[in-house]
**Q** 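Below are the structure tokens for one structure; questions will follow.
Any value given below was found using the heavy atoms of this structure, including those in side chains, with hydrogens, waters and symmetry copies removed.
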Amino acid sequence: MADPTTAPTYNPLDPAFRADPYPFYDELRTHEPVHVTPLGMVVLTRYDDVATTLRNPTMSRDVDNGAPRPDDPVWRRRRERRRGAKNILGLDPPDHTRLRRLVSKAFTPTAIDALRTSIEQMVDEVLDRAAERGELELVDELAFPVPFEVISDLLAIPKERSEEIRDWSQVLTATLEPTTTIESLDEADTAGEQLVTYLMEVVEDRRRNLGDDVLSGLLVVEEEGDRLTTEELLSFVVLLYVAGHETTVNLIGNGTLALLRNRDQLARWRADPTLDANAVDELLRFDGPVQHTTRIPIEPTVFGDGEHAVEVPAGDTVLCVLGAANHDAAMFDRPHVLDLGRTNANRHLAFSAGIHYCLGASLARLEAAVTIGRLIRRFDEIDLLAEPTFRDRLTIRGVDQLPLAVRA
């Protein structure tokens with residue numbers, strides 16, 4: 001628990017912060033909503049500040065616009081490894097606009113809704129096995145494999161190397177963390193090279209044998225004479241594997257844990273399937289998987305007002321804390337209460353906002369609604385078998401394992 005007698009700080013390395021960051025967010029938001037860390041990074045925790053920054057066209061997502069830090073060996077290593085096409089997360093307009101226009105054709109509402117039946121079948125197969133044993137390790141058996149298989153099916157990637165792809169994507173995901181080491185970056189380079197080499201084989205085969213899958217669609221997509229280059233295509237496919245399932249895995253894990261700790265809301269959702277969409281939005285708001293994202297001002301910018309005003313030079317890093325914004329009482333009444341009927345739950349920022357709003361948000365919502373909804377309706381009794389622990393990550397917040405006893 002944050003100590004109100006001391007000056008508020010942003011220290012995500014504190015074990016107490018990792019276990020439950022929300023009291024620390026409250027302290028920052030109340031006493032220093034525009035917080036400057038000892039390293040000069042600006043931390044925003046108010047909903048309005050975060051939402052405005054995410055939608056501000058003068059805020060860059062391209063890390064190459066950041067101020068040089070040549071004395072930082074990890075920064076130098078990150079810069080050396082940024083070769084080839086950048087993924088869509090790190091692009092600004094007009095490159096971002098062009099690429100998103102091309103790839104968004106694969107994520108229309110009709111295309112996403114067509115996946116419902118296959119997702120239901122995947123989930124039911126896992127729940128059938130759990131029912132026989134009376135136990136379920138939620139993350140390893142359900143939350144991870146289902147989204148991963150969905151991505152693989154979307155792209156029609158052969159299943160024989162699924163385990164390797166999962167391992168590669170896990171290594172790559174670790175580089176999203178601000179505490180990444182040079183060793184982790186080296187491991188990610190090796191994993192990335194192996195993944196790209198394999199995907200190149202798949203892409204070349206798909207060029208000769210086009211189907212009705214997303215990868216085939218990306219190969220032929222064209223607008224106004226514009227197509228994806230091979231590097232852009234590979235970068236996007238890697239992103240789908242790395243980020244495409246990671247958010248959903250932790251949404252399902254965190255969401256299920258939140259329901260088990262709020263049994264009245266679990267019973268409420270179980271009894272009312274019309275809550276599916278709103279319930280998922282509230283779970284995203286309550287304990288979302290992505291805790292923060294960065295922006296870089298391309299011109300000097302003032303954040304906050306009055307005594308809290310801070311002028312940030314161009315090139316400095318601004319940390320938009322999504323988890324803090326989603327618990328701001330100025331936007332959400334009783335923000336630390338889980339309320340699946342919350343009328344403005346869909347105002348959460350768990351999927352970011354503005355031009356970088358998550359392209360796969362509809363898919364993540366569908367996967368979570370089907371997975372958690374069928375879990376709580378299949379079993380009358382769902383109990384924790386052990387106290388959950390959270391993964392040792394800062395950017396991505398999620399339970400490491402969630403062993404459950406289940407009984408219909």
Side-chain angles (χ1 to χ4, degrees), residues 10 12 25 28-29 32-70 72 75-76 78-79 82 85-104 176-178 226 232 235-236 239 243 247 288 290-328 330-331 346-361 394-395:
Y10 180 77
Y25 295 157
L28 281 169
R29 193 188 314 105
E32 204 171 313
V34 183
H35 174 72
V36 182
T37 71
L39 296 178
M41 181 172 63
V42 176
V43 180
L44 304 179
T45 50
R46 291 189 298 203
Y47 182 94
D48 284 347
D49 290 339
V50 172
T52 300
T53 301
L54 295 176
R55 297 186 175 103
N56 188 340
T58 69
M59 291 290 160
S60 173
R61 191 67 180 86
D62 188 343
V63 294
D64 285 341
N65 286 323
R69 290 179 287 162
D72 182 345
W75 179 89
R76 292 201 308 271
R78 282 188 185 276
R79 194 168 183 83
R82 286 200 294 272
K86 296 178 183 177
N87 70 60
I88 194 171
L89 293 182
L91 290 174
D92 294 331
D95 295 330
H96 175 271
T97 308
R98 168 188 165 269
L99 192 57
R100 185 165 181 125
R101 184 180 66 244
L102 290 171
V103 301
S104 63
L176 297 174
E177 299 300 316
D226 187 17
E232 289 171 337
S235 177
F236 186 67
L239 177 65
T247 301
V290 182
Q291 285 293 297
H292 61 249
T293 184
T294 58
R295 294 292 186 272
I296 298 169
I298 57 178
E299 59 187 41
T301 306
V302 176
F303 293 92
D305 47 53
E307 64 177 316
H308 298 304
V310 175
E311 182 171 349
V312 180
D316 276 12
T317 300
V318 176
L319 192 73
C320 298
V321 187
L322 309 177
N326 288 336
H327 279 248
D328 187 347
M331 172 55 68
N346 64 353
R347 297 289 301 277
H348 70 79
L349 299 175
F351 287 130
S352 191
I355 64 170
H356 284 283
Y357 182 80
C358 179
L359 189 62
L394 307 179
T395 303

**Q** What's the shortest heavy-atom distance between Tyr47 and Asp328, and which atoms?
**A** N-OD2, 2.9 Å
**Q** Taking the side chain as C-beta and beyond, is there a heavy-atom pair between Thr247 and Cys358 under 4.5 Å?
**A** no
**Q** Just wondering, do Tyr10 and Leu319 contact through their side chains at under 4.5 Å, heavy atoms?
**A** yes
**Q** Answer yes if the side chains of Gln291 and Tyr25 hold a donor-acceptor pair under 3.5 Å, and no otherwise.
**A** yes
**Q** Would you check if Val42 and Asp316 make a side-chain contact, meaning some heavy-atom pair closer than 4.5 Å?
**A** no
**Q** By the definition side chain to side chain contact (heavy atoms under 4.5 Å, CB included), identify the one residue from Leu44, Val43, Asp49 that meets it with Phe303.
**A** Leu44
**Q** Run the side-chain contact (heavy atoms from CB on, under 4.5 Å) test on His96 and Ile88 for me, step by step, so that the C-alpha distance in whole Å, both residues' side-chain angles and the decisive distance to 0.1 Å come before the verdict.
**A** CA-CA 6 Å; His96 175 271; Ile88 194 171; 3.6 Å; yes
**Q** Can you find a heavy atom in the side chain of Leu359 that is under 4.5 Å from one in the side chain of Phe236?
**A** yes
**Q** With rounding to the nearest 0.5 Å, note down the distance linking CD in Glu232 to CG in Leu102.
**A**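 These two atoms lie 8.0 Å from each other.
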**Q** Using modelled atom types only, decide if a donor and an acceptor are shared between the side chain of His35 and the backbone of Met41 within a distance under 3.5 Å.
**A** no
**Q** Is a side-chain donor or acceptor of Ser104 paired with a backbone partner of Arg100 at a separation under 3.5 angstrom?
**A** yes
**Q** Is it true that a side-chain atom of Thr301 and a backbone atom of Glu299 form a donor plus acceptor pair closer than 3.5 Å?
**A** yes
**Q** Could you state the interatomic distance from CZ (Arg46) to OG1 (Thr52), rounded to the nearest 0.5 Å?
**A** 10.0 Å
**Q** Testing the basics here: between His348 and Asn326, what is the closest heavy-atom pair and its distance to 0.1 Å?
**A** CA-OD1, 3.4 Å
**Q** Are any non-hydrogen side-chain atoms of Asp62 and Ile296 less than 4.5 angstrom apart?
**A** no
**Q** Within the supplied structure, the quantity of interest is the number of heavy atoms (other residues, nucleotides, ligands) at a distance under 6.0 Å from Arg98 CZ; does it exceed 12?
**A** yes
**Q** Hey, what do you get for OG1 (Thr53) to CG (Asp48), rounding to the nearest 0.5 Å?
**A** 10.0 Å
**Q** Where do Arg29 and His327 come nearest, in terms of heavy atoms and distance?
**A**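 Looking at all heavy atoms of both residues, the closest pair is NH2-O, 3.4 Å.
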**Q** Looking at every heavy atom in both Ser60 and Ile298, which two are closest together, and how far apart are they?
**A**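 Nearest heavy atoms, Ser60 then Ile298: CB-CG2, 3.7 Å.
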**Q** Restricting to non-hydrogen atoms, name the atom on Val321 and the atom on His292 that form the minimum distance, rounded to 0.1 Å.
**A**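 That closest heavy-atom pairing would be CA-CB, 4.0 Å.
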**Q** Please give me the minimum heavy-atom distance between Val312 and Pro297, naming the atom from each residue.
**A**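 For Val312 and Pro297, the tightest heavy-atom pair comes out as CG1-CG, 4.0 Å.
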**Q** Below 30° counts as parallel, above 60° as perpendicular, anything between as tilted: where do the rings of Phe351 and Tyr357 land?
**A**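 Taking Tyr357 first and then Phe351, their aromatic rings stand perpendicular (interplane angle over 60°).
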**Q** Taking Cys320's backbone N and O only, do any of them form a donor-acceptor pair with Arg295's side chain (distance below 3.5 Å, no angle check)?
**A**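 Answer holds: no.
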